[in-house]
Colleague: 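If you scroll down you'll find the structure; I have some questions about it.
The model shown is predicted, which means the values in this text are computed figures rather than measured ones.
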Protein chains: 2
Amino acid sequence: MPIKSMHEPTFMILTALASGPQHGYGIVNDVSGISGGRVKLRAGTLYTALDRLRADGLVELDREEIADSRLRRYYRLTAAGSERLAEEAARLRGNARVAMMRLQSNSGMAGA
Amino acid sequence: MPIKSMHEPTFMILTALASGPQHGYGIVNDVSGISGGRVKLRAGTLYTALDRLRADGLVELDREEIADSRLRRYYRLTAAGSERLAEEAARLRGNARVAMMRLQSNSGMAGA
DNA sequence: TTGATATATACCGAGCGTCGGTATATGTTT
DNA sequence: AAACATATACCGACGCTCGGTATATATCAA
């Protein structure tokens with residue numbers, strides 16, 4: 001069966017991890033930055049997604065640290081996670097391309 | 001509030017209509033084609049989405065025809081629908097770009 | 001002529017992922 | 001003392017899609 005399409009928050013989490021391991025809160029901030037403030041990950045979304053991505057083998061635990069007596073749990077992309085993200089990115093780019101081409105070739109059609 | 005992100009089937013329906021009015025079944029076939037067979041719109045998804053998009057003012061009824069004693073209901077993008085699709089396409093392209101850049105700069109990191 | 005496939009519309013329950021809120025806990029800033 | 005940032009995690013509600021079903025006509029194959 002064809003690969004099911006991914007939601008934006010999930011895609012952004014994988015993208016955040018594509019530049020190296022990060023902990024949950026770091027992902028939230030990174031995603032906010034790379035999306036121009038558009039995607040504000042909710043705690044519920046983040047940790048639910050992280051658990052799901054781990055179960056799917058796309059993300060795994062990197063290490064745990066204690067910073068200022070607060071736990072930091074770092075996650076990283078697996079090889080499968082990188083592949084999956086690459087596929088998704090290619091799909092998004094393709095979809096964007098088709099839409100833009102069609103919009104452009106019909107840009108002057110109002111009322112025609 | 002920021003514009004909520006759109007799911008792939010919805011995006012594809014708008015894209016299909018970006019090249020001109022089409023009826024429901026035509027949209028299904030068009031979307032299958034432009035997605036390389038990846039997105040097979042279900043009847044439930046299509047008509048539910050069409051109703052929602054009409055309620056949101058992104059799509060409107062174009063005309064109705066009878067072909068071979070079967071009803072054909074044509075839909076078209078509104079100006080708001082075109083704008084919305086353009087925004088979405090730009091967003092997708094941006095997301096794909098960030099993901100690809102990050103994957104590329106980390107392409108040789110396995111085991112590092 | 002019976003069944004399968006294509007065209008064409010539409011509804012419905014189930015499932016999944018996100019949203020929004022809440023809880024817990026520590027450190028810093030006002 | 002209150003507010004805010006850091007940091008994790010759970011939970012109910014909501015929305016969109018999935019998968020199945022229903023209806024109806026036309027064509028094509030067994």
Side-chain angles (χ1 to χ4, degrees), chain A residues 1-14 16 21-33 35 38-56 58-59 61-75 84 88 91 95, chain B residues 1-16 21-33 35 37-56 58-59 61-75 84 88 91 95:
Chain A
M1 65 203 127
I3 296 162
K4 233 194 293 192
S5 93
M6 188 177 286
H7 290 203
E8 189 175 34
T10 303
F11 180 85
M12 292 309 241
I13 291 169
L14 293 185
Q22 293 200 64
H23 62 278
Y25 203 80
I27 294 172
V28 172
N29 291 327
D30 191 12
V31 165
S32 178
S35 69
R38 269 187 304 92
V39 182
K40 305 278 192 194
L41 249 31
R42 300 309 175 119
T45 303
L46 176 70
Y47 294 104
T48 304
L50 244 18
D51 287 344
R52 178 169 26 91
L53 292 169
R54 273 200 290 177
D56 292 347
L58 303 183
V59 161
L61 199 59
D62 186 64
R63 68 188 187 279
E64 287 181 343
E65 276 180 11
I66 305 287
D68 296 312
S69 53
R70 269 189 241 95
L71 176 66
R72 279 187 177 174
R73 192 165 282 152
Y74 283 78
Y75 300 89
R84 188 73 175 70
E88 274 295 302
R91 192 174 59 73
N95 287 354
Chain B
M1 66 204 129
I3 296 160
K4 233 193 297 192
S5 94
M6 189 177 283
H7 288 203
E8 187 175 34
T10 302
F11 179 85
M12 292 309 242
I13 291 169
L14 293 185
T15 300
Q22 292 200 65
H23 62 278
Y25 203 80
I27 294 173
V28 173
N29 291 328
D30 190 12
V31 164
S32 177
S35 69
R38 268 186 305 93
V39 182
K40 304 280 192 190
L41 249 32
R42 299 312 174 117
T45 303
L46 176 70
Y47 295 104
T48 304
L50 245 18
D51 288 345
R52 177 170 26 91
L53 291 169
R54 272 199 290 177
D56 291 347
L58 304 184
V59 160
L61 199 59
D62 185 65
R63 67 187 186 280
E64 289 181 342
E65 278 181 7
I66 305 287
D68 297 313
S69 52
R70 267 187 243 98
L71 176 66
R72 278 187 177 176
R73 190 165 285 151
Y74 283 77
Y75 300 89
R84 188 72 176 70
E88 272 295 301
R91 194 174 56 74
N95 287 353

Colleague: Which letters describe nucleotides 19-28 of chain D, given B = protein heavy atom under 4.0 Å from base, S = only from sugar-phosphate, - = neither?
Modeller: BB----BS--
Colleague: Rounded to the nearest angstrom, tell me the gap between atom CG in B:Asp51 and atom P in C:dA10.
Modeller: 7 Å
Colleague: Can you check the B:Arg52 CZ to C:dA10 P distance for me, whole Å?
Modeller: 15 Å
Colleague: For A:Glu64 and D:dA9, what is the distance between atoms CD and C1' respectively, to the nearest whole Å?
Modeller: 14 Å
Colleague: C:dT9 P sits how many Å from B:Asn29 CG, rounded?
Modeller: 11 Å
Colleague: Which atom pair, heavy atoms only, marks the closest approach of A:Leu46 to A:Gly24?
Modeller: CD2-O, 3.4 Å
Colleague: In chain order, what residues pass the salt bridge (charged side-chain N to carboxylate O under 4.0 Å, His left out) check against B:Arg91, with sequence neighbours excluded?
Modeller: A:Glu8, B:Glu88
Colleague: Please examine the side chains of B:Asp56 and B:Arg84, heavy atoms only from C-beta on, and report whether any two atoms are closer than 4.5 Å.
Modeller: no
Colleague: Of the non-hydrogen atoms in A:Asp30 and A:Gln22, which two are nearest, and what is the gap between them?
Modeller: OD2-NE2, 2.7 Å
Colleague: Quick check for you: among C:dT18, D:dC18, D:dA5, whose closest atom lies nearest to any side-chain atom of A:Ala49?
Modeller: C:dT18
Colleague: Any side-chain N or O of B:Thr10 less than 4.0 Å from the OP1 or OP2 oxygen of D:dT17?
Modeller: yes
Colleague: Using a heavy-atom cut-off of under 4.0 Å over every strand shown, decide if B:Tyr74 touches base, sugar-phosphate, or nothing.
Modeller: nothing
Colleague: Using atom CG of B:Asp56 as one end and atom P of D:dC16 as the other, report the distance to the nearest whole Å.
Modeller: 8 Å
Colleague: Report the nucleotide, chosen from D:dC18, C:dA8, D:dT8, that has the shortest atom-to-atom distance to any side-chain atom of B:Pro9.
Modeller: D:dC18
Colleague: Nearest nucleotide by nearest heavy atom, which residue falls closer to the 5' end of DNA chain D, A:Thr48 or A:Ala67?
Modeller: A:Ala67
Colleague: B:Leu50 has an atom CG; how far is it from atom C1' of D:dC16, in whole Å?
Modeller: 14 Å
Colleague: If you compare all heavy atoms of A:Val31 against all heavy atoms of A:Ile13, which two are closest, and at what distance to 0.1 Å?
Modeller: CG2-N, 4.3 Å
Colleague: Could you tell me the separation between the CE atom of A:Met6 and the C1' atom of D:dC16, rounded to a whole number of Å?
Modeller: 17 Å
Colleague: Ignoring backbone atoms, establish whether B:His23 has a side-chain N or O less than 4.0 Å from OP1 or OP2 of C:dA8.
Modeller: yes
Colleague: If you fit an axis to the five pairs at each end of the helix from C:dT1-D:dA30 to C:dT30-D:dA1, how big is the angle between those two axes, to 10 degrees?
Modeller: 0°
Colleague: Measuring to OP1 and OP2 of C:dA8, would you say a side-chain N or O of B:Arg72 lies under 4.0 angstrom away?
Modeller: yes
Colleague: Could you measure the distance from the CG atom of A:Leu50 to the CD1 atom of A:Ile27? Nearest 0.5 Å is fine.
Modeller: 5.0 Å
Colleague: With sequence neighbours excluded, tell me which residues meet side-chain hydrogen bond (donor to acceptor under 3.5 Å, both in side chains) with A:Arg63.
Modeller: A:Glu65
Colleague: What is the distance from CG of A:Leu53 to C1' of C:dT18, rounded to the nearest Å?
Modeller: 13 Å
Colleague: Can you measure from CZ (A:Arg38) to CE (A:Met12) and round to the nearest 0.5 angstrom?
Modeller: 6.0 Å
Colleague: Provide the full list of side chain to side chain donor-acceptor pair (under 3.5 Å) pairs with a residue in residues 42-53 of chain A, sequence neighbours left out, each pair given once.
Modeller: A:Asp51-A:Arg54
Colleague: Applying side-chain contact (heavy atoms from CB on, under 4.5 Å), can you list everything that pairs with B:Asp62, at least two apart in sequence or on another chain?
Modeller: B:Pro21, B:Tyr74, B:Arg76
